[in-house]
Q: 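Have a look at the structure that comes next, please.
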Amino acid sequence: MTIDKKTDRAQFATKLGVIATTVGSAVGLGNIWRFPYEAGSNGGGAFMLCYIFFIFVIGVPVICAEFMMGRGTRSNILGAYRKLSPNGKWYIAGYMGILASVVILSFYSVVAGWTLEYFTQSLLGGMEMSSASEYHEEFSNFSTDGVRPVVWTIVFLVVNYVILARGVTKGIEKMSNILMPLLFLLLLIFCINSLTLDKASAGLAFLFHPDFSKITPGMLLSAMGQAFFSLSLGLGCMTTYASYFSDKTRLGRSAVITAGLDTLVAMLAGVIIFPAVFSFGMSPQAGPTLVFEVLPAIFHSLPGGMVWSSLFFFLLVLASLTSTISMSEISIAFMVEEKGMKRRTATHVNTLIAMVFGTLCALSFGPLADVRIFGMTFFNAFDYLSSNILLPLGGMIASVFVGWFVDRKFIREQMTDSGTIRFRALGLIVFCLRYIAPTGIALVFLNSIGVL
Ligand code: PHE
């Protein structure tokens, strides 16, 4: 992606750029950190099944809706609602998306900061320990520390800032074109390794054999939240990116490729983590800290472990950056286009807010562990509010908006590239946007608050 000097808007140069950036946004800590911990805390197989259902039945149509809104209006999320419905109140959903983007950036940077710590420790040899329980202790010492997690969160946000403010997204994109396939390759290698562990079959059974008694209202809400989070969906991220697509980008195909690759990476992460969890005698229900305790133990068991470890955590930082750049772009595009701010100023504002909230989230594992919002720490509350509430709600509004209120001609034009390609699934997408996605999301919401 480059920044157009005249309009101050970013643009994608190539077709590959489109897929690379949307997949770059989708693939990140959501797949490698959040998916395994959510699946682990919610019963494994049943969660996985519901998650995949939400990705393809609700996620793909809603990505199409966001793509149409973005490319059709060439605007940020707020502008997109305003242009398509000048007199309506739909734009309020745009503000909700912007809020969600800042909330996510705050806690996401904390986890990216943990990744930075683990990367440097792997390089410096600080990760050589002898048993899985030592890795557990090491992580809890680190995360409860009042200083180091905060410093790393800020360092990560500064790197994110520099990339955004200098408009060097192109460089990062080129780099990730090489490094992302490398991350994929590493994941495959670790998968094979995990499959050779002695309790591998227990791990795989946990992940792939659904125990239907585990399907509860709370679990359905978590699986839906995870699908939205992992697809960067429901907050205008895909709308903002699609506003930089060319007129020839095939929206339907891009949506399916993005969802497919994103799901594949999450599954690989699951296949790496769960055999190891069972083989090393750990608990799948550890929560947000799970992956940071299991992965080092896996690397430790490999020959040349610290080399694998450094490489992996480095690539994970990069995958996180391509995601945080995309979430920052939502509010930056809004501030520049709607509020007339300079790109640099907008980037400052975005970063400073995330630094303040990020610090609160970073401290919520240690000094601020007792400060609770609705019974949750800052970190958990931010995560819950954005993933389980704001994103599905944003997705529901986008699907109702595009399905019911936007002109059918606009939809057809967007999905067929103004009639130049055939798009057979048009009727199906519209049906999902009108009926399936909104009712599905509403049912899960009502169910989770006990109304159904
Ligand atoms: N989808 C990203 C991930 O899986 C996180 C993200 C959420 C990015 C929302 C942008 C917007 O890591």
Side-chain angles (χ1 to χ4, degrees), residues 1 20-39 51 54-55 59-60 62-63 66-67 70 76-77 94 96-115 156-157 160 164 169 172 176 180 183-184 187 222-242 255 258-270 288 291 315-334 350 354 358 382-395 398:
M1 194 157 62
T21 15
T22 49
V23 174
S25 165
V27 171
L29 292 167
N31 311 62
I32 290 161
W33 157 75
R34 202 173 186 282
F35 173 76
Y37 106 62
E38 284 283 348
Y51 167 71
F54 288 124
I55 289 269
V60 170
V62 180
I63 302 183
E66 285 208 11
F67 277 176
N76 62 85
I77 179 68
M96 219 173 70
I98 292 162
L99 172 71
S101 76
V102 184
V103 170
I104 296 179
L105 181 62
S106 309
F107 75 83
Y108 201 94
S109 303
V110 173
V111 185
W114 296 348
T115 315
F156 179 81
L157 281 167
N160 186 58
L164 281 162
T169 40
I172 246 269
S176 64
M180 283 308 109
L183 176 67
F184 191 72
L187 290 173
S222 297
M224 183 169 81
Q226 175 60 22
F228 275 90
F229 186 88
S230 196
L231 292 175
S232 313
L233 200 55
L235 71 170
C237 188
M238 291 298 169
T239 304
T240 309
Y241 265 13
T258 305
L261 288 177
D262 187 64
T263 308
L264 186 65
V265 176
M267 281 198 193
L268 288 178
V291 170
L315 293 175
L316 194 52
V317 170
L318 223 108
S320 313
L321 274 171
T322 54
S323 298
T324 50
I325 286 170
S326 74
M327 61 186 94
S328 307
E329 195 63 33
I330 303 172
S331 57
I332 294 172
F334 158 74
N350 177 64
F382 276 35
D383 188 350
Y384 190 92
L385 169 73
S386 51
S387 317
N388 291 1
I389 299 171
L390 291 176
L391 302 192
L393 197 58

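For this chain, numbers begin at 1 and follow the sequence in order. Counting convention: from 1, in listed order, for ligands and their atoms alike. Values below: every heavy atom of this structure, side chains too, minus hydrogens, waters and symmetry copies.
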Q: According to ring-ring contact (aromatic ring centres under 6.0 Å, His included), who are the partners of Phe228, at least two apart in sequence or on a separate chain?
A: none
Q: Side chains of Leu321 and Asn160: closer than 4.5 Å at any heavy-atom pair?
A: yes
Q: As a test of reading the model: which N/O atoms of the protein lie under 3.5 Å from N/O atoms of ligand 1, and at what distance?
A:
{"unit_1": "ligand 1", "atom_1": "1 (N)", "unit_2": "Ser25", "atom_2": "O", "d": "3.4"}
{"unit_1": "ligand 1", "atom_1": "1 (N)", "unit_2": "Ala26", "atom_2": "O", "d": "3.1"}
{"unit_1": "ligand 1", "atom_1": "1 (N)", "unit_2": "Phe229", "atom_2": "O", "d": "2.8"}
{"unit_1": "ligand 1", "atom_1": "1 (N)", "unit_2": "Ser230", "atom_2": "O", "d": "3.1"}
{"unit_1": "ligand 1", "atom_1": "1 (N)", "unit_2": "Ser232", "atom_2": "OG", "d": "3.0"}
{"unit_1": "ligand 1", "atom_1": "4 (O)", "unit_2": "Ala26", "atom_2": "O", "d": "2.7"}
{"unit_1": "ligand 1", "atom_1": "4 (O)", "unit_2": "Gly30", "atom_2": "N", "d": "3.3"}
{"unit_1": "ligand 1", "atom_1": "4 (O)", "unit_2": "Asn31", "atom_2": "OD1", "d": "3.3"}
{"unit_1": "ligand 1", "atom_1": "12 (O)", "unit_2": "Leu29", "atom_2": "N", "d": "3.2"}
{"unit_1": "ligand 1", "atom_1": "12 (O)", "unit_2": "Gly30", "atom_2": "N", "d": "2.9"}
{"unit_1": "ligand 1", "atom_1": "12 (O)", "unit_2": "Tyr108", "atom_2": "OH", "d": "2.5"}

Q: Quick one: are Asn388 and Phe229 in side-chain contact, heavy atoms under 4.5 Å?
A: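 When only atoms from C-beta onward are counted, Phe229 and Asn388 do not touch, as no gap falls below 4.5 Å.
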Q: Can you tell which of Val102, Leu99, Val103 makes a side-chain contact (heavy atoms from CB on, under 4.5 Å) with Ser386?
A: Val103
Q: For residues 24-31, dump all side-chain donor-acceptor pairs below 3.5 Å to protein atoms at least two apart in sequence or in another chain.
A:
{"unit_1": "Ser25", "atom_1": "OG", "unit_2": "Ser232", "atom_2": "OG", "d": "2.9"}
{"unit_1": "Ser25", "atom_1": "OG", "unit_2": "Ser326", "atom_2": "OG", "d": "2.8"}
{"unit_1": "Asn31", "atom_1": "OD1", "unit_2": "Gly28", "atom_2": "N", "d": "3.0"}
{"unit_1": "Asn31", "atom_1": "ND2", "unit_2": "Asp262", "atom_2": "O", "d": "2.8"}
{"unit_1": "Asn31", "atom_1": "ND2", "unit_2": "Asp262", "atom_2": "OD1", "d": "2.7"}

Q: Apply ring-ring contact (aromatic ring centres under 6.0 Å, His included) to Tyr51 and list each qualifying residue two or more places apart in sequence or on a separate chain.
A: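 Once residues adjacent in sequence are excluded, the partners of Tyr51 under the ring-ring contact (aromatic ring centres under 6.0 Å, His included) criterion are Phe35.
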